[in-house]
Novice: 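I'd like to ask you about the structure that follows.
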Protein chains: 2
Amino acid sequence: MSLSHIDLPKDMPQPDAEGCQATREILDRIGDKWSLYIIATLANGARRFNELKRGIDGISQRMLTLTLRGLERDGLLTRTMYPTIPPRVDYELTALGMTLLGPVMSLVNWANANKSAISEAHRRFDEESEPERISVQGVIYQRR
Amino acid sequence: MSLSHIDLPKDMPQPDAEGCQATREILDRIGDKWSLYIIATLANGARRFNELKRGIDGISQRMLTLTLRGLERDGLLTRTMYPTIPPRVDYELTALGMTLLGPVMSLVNWANANKSAISEAHRRFDEESEPERISVQGVIYQRR
DNA sequence: CTGTATCCAGTTGGATACTG
DNA sequence: CAGTATCCAACTGGATACAG
């Protein structure tokens, strides 16, 4: 990956096409409706199936199972069965899953720091479309 | 947000429930099929509609329009029209959009660093289900 | 050039019932 | 307890045609 372009203001890091491809794949996982909540819960340590179900508000049994399978398939968590009666299954982040917490926290922090800015942007955009911008003779006008 | 729990190994940062809520919202945006590519392209500077279309392989006109509208609504980019014939429209990241590049790059770097690990996990999981783990008498056995 | 409108197939995820 | 199976409504996104 080429992360450094010098022709840019403030040597801003940039994603590139190849990098996006790999990133799209993990976004297909953690970008779904429930993965983030599961990862966040397991960040506090191993949990059993129903602990996760109770801890994640609104998740259905079906989606919990499916999402856990997906994360397991990606090698982000392990599934350990205790062949007892009643059965018990523990889910736990793998070392790989743990390393994902860094990037994820980066996003979480950004989201929290900027959620009001985004809400404000929504408000402006929704009440009769975003301050429209036109450019005439090279001069930019923003609607009032 | 409570980011520091001391009862955890290596003071790992952790997302919490409230934090996840805000993060889910931005994942609903950048987690979709095309936003990441648009953000990545605009990280190199302003682009017009058809520049984006040509630069992002496979995107349809419809999805480019819709995705740009979503990003604009979130305040991540601006849309500037040049009322000429033929018309010209420039899209450019806002200051807010720029700040998102940090967290996004964090994910992109993680994805690139670990894509082979994930592929390997897929391979193992798919060829007759992930090394199954059971725990008997407190001892964990992994299938061979 | 930069869109909008329509149609339609595929996917996602919720509700519910059933099982070892 | 920890799933699986089935059904179904809603959403996502692609193809295509048309417009200012």
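In this text, all values refer to a predicted model and were calculated from it rather than measured experimentally. Each chain gets a letter, A, B and so on, in the order the sequences are listed, and its residues count up from 1.
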Novice: What residue among B/Thr78, B/Val89, B/Asp90 forms side-chain contact (heavy atoms from CB on, under 4.5 Å) with A/Arg133?
Specialist: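 Passing option: B/Thr78.
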Novice: Separation of A/Arg29 atom CZ from C/dT12 atom C1', in whole Å?
Specialist: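 Checked: the CZ to C1' distance equals 12 Å.
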Novice: What's the shortest heavy-atom distance between A/Asn112 and A/Lys115, and which atoms?
Specialist: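 Smallest heavy-atom distance, with atoms named: OD1-NZ, 3.4 Å.
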Novice: Grab the two heavy atoms, one from B/Thr94 and one from B/Gly75, that are nearest each other, plus how far apart they are.
Specialist: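 For B/Thr94 versus B/Gly75, the nearest heavy atoms are OG1-O, 2.7 Å.
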Novice: Please give, in whole Å, the distance from C/dT12 P to A/Leu66 CG?
Specialist: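 Interatomic distance, CG of A/Leu66 to P of C/dT12: 10 Å.
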Novice: Nearest heavy-atom pair of A/Leu36 and B/Cys20: which atoms, and what distance?
Specialist: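 Residues A/Leu36 and B/Cys20, closest heavy atoms: CD2-O, 3.9 Å.
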Novice: Can you confirm whether A/Gln21 sits close enough to B/Tyr37 that some side-chain heavy atom of one is under 4.5 Å from a side-chain heavy atom of the other?
Specialist: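 Side chain of A/Gln21 against side chain of B/Tyr37, heavy atoms only: contact under 4.5 Å found.
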Novice: B/Met63 has an atom CE; how far is it from atom P of C/dT11, in whole Å?
Specialist: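 In whole Å, C/dT11 P lies 16 Å from B/Met63 CE.
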Novice: Would A/Asp126 and B/Arg73 satisfy side-chain contact (heavy atoms from CB on, under 4.5 Å), going step by step from the backbone distance to the final call?
Specialist: CA-CA 8 Å; A/Asp126 292 343; B/Arg73 179 170 184 268; 2.6 Å; yes
Novice: Indicate the atoms forming the closest heavy-atom contact of A/Pro86 with A/Thr84, along with that distance.
Specialist: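 Where A/Pro86 meets A/Thr84 most closely, the heavy atoms are O-OG1, 2.9 Å.
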Novice: Just how large is the angle between the end axes of the helix from C/dC1-D/dG20 to C/dG20-D/dC1, five pairs per end, to 10 degrees?
Specialist: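 The end axes of the helix from C/dC1-D/dG20 to C/dG20-D/dC1 are about 40° apart, to the nearest 10°.
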Novice: Nearest whole Å is fine: how far is C/dG14 C1' from A/Asp32 CG?
Specialist: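 Value for this atom pair: 15 Å.
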Novice: Which whole-number value in Å describes the distance from B/Arg24 CZ to C/dT12 C1'?
Specialist: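 My rounded result for the distance is 12 Å.
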Novice: Is B/Tyr82 reachable from B/Leu42 through a run of I, L, V, M, F, W or Y residues, each pair having side-chain heavy atoms under 4.5 Å apart?
Specialist: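 Different hydrophobic clusters.
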Novice: Looking only at heavy atoms, which two atoms of B/Ala46 and B/Glu51 are closest? And how far apart?
Specialist: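 The answer is O-OE1, 4.5 Å.
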Novice: Expressed in angstrom and rounded to an integer, what is the separation of A/Ile56 atom CD1 from C/dG13 atom P?
Specialist: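 That distance rounds to 14 Å.
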Novice: Is any side-chain N of the basic residue among A/Glu25 and A/Arg29 closer than 4.0 Å to the acidic one's carboxylate O?
Specialist: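 Salt bridge absent between A/Glu25 and A/Arg29.
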Novice: Mind calculating the distance between NZ (A/Lys53) and P (D/dC1) to the nearest angstrom?
Specialist: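 After rounding, the reported distance stands at 11 Å.
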Novice: Under 3.5 Å, which N/O atoms of the protein pair with N/O atoms of nucleotides 1-3 of chain C?
Specialist:
{"from": "C/dC1", "atom 1": "OP1", "to": "B/Asn50", "atom 2": "ND2", "distance (Å)": "2.8"}
{"from": "C/dC1", "atom 1": "O3'", "to": "B/Arg48", "atom 2": "NH2", "distance (Å)": "3.1"}
{"from": "C/dC1", "atom 1": "O3'", "to": "B/Pro87", "atom 2": "O", "distance (Å)": "3.4"}
{"from": "C/dT2", "atom 1": "OP1", "to": "B/Arg48", "atom 2": "NE", "distance (Å)": "3.2"}
{"from": "C/dT2", "atom 1": "OP1", "to": "B/Arg48", "atom 2": "NH2", "distance (Å)": "3.2"}
{"from": "C/dT2", "atom 1": "OP1", "to": "B/Val89", "atom 2": "N", "distance (Å)": "3.4"}
{"from": "C/dT2", "atom 1": "OP2", "to": "B/Asn50", "atom 2": "N", "distance (Å)": "2.9"}
{"from": "C/dG3", "atom 1": "OP1", "to": "B/Arg69", "atom 2": "NH2", "distance (Å)": "3.4"}
{"from": "C/dG3", "atom 1": "OP1", "to": "B/Arg79", "atom 2": "NE", "distance (Å)": "3.3"}
{"from": "C/dG3", "atom 1": "OP1", "to": "B/Arg79", "atom 2": "NH2", "distance (Å)": "2.1"}
{"from": "C/dG3", "atom 1": "OP2", "to": "B/Tyr91", "atom 2": "OH", "distance (Å)": "2.6"}
{"from": "C/dG3", "atom 1": "N7", "to": "B/Gln61", "atom 2": "OE1", "distance (Å)": "2.9"}
{"from": "C/dG3", "atom 1": "N7", "to": "B/Gln61", "atom 2": "NE2", "distance (Å)": "2.7"}
{"from": "C/dG3", "atom 1": "O6", "to": "B/Gln61", "atom 2": "OE1", "distance (Å)": "2.9"}

Novice: What are the atom names and distances for every N/O pair under 3.5 Å that joins the protein to nucleotides 5-11 of chain D?
Specialist:
none

Novice: Report the distance from atom CD1 of A/Ile59 to atom P of D/dA2, rounded to the nearest whole Å.
Specialist: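 The distance from CD1 of A/Ile59 to P of D/dA2 comes to 14 Å, rounded to the nearest Å.
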Novice: How many angstroms lie between atom OG1 of B/Thr80 and atom CZ of B/Arg48, to the nearest 0.5 angstrom?
Specialist: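 Going from OG1 on B/Thr80 over to CZ on B/Arg48, the span is 12.5 Å.
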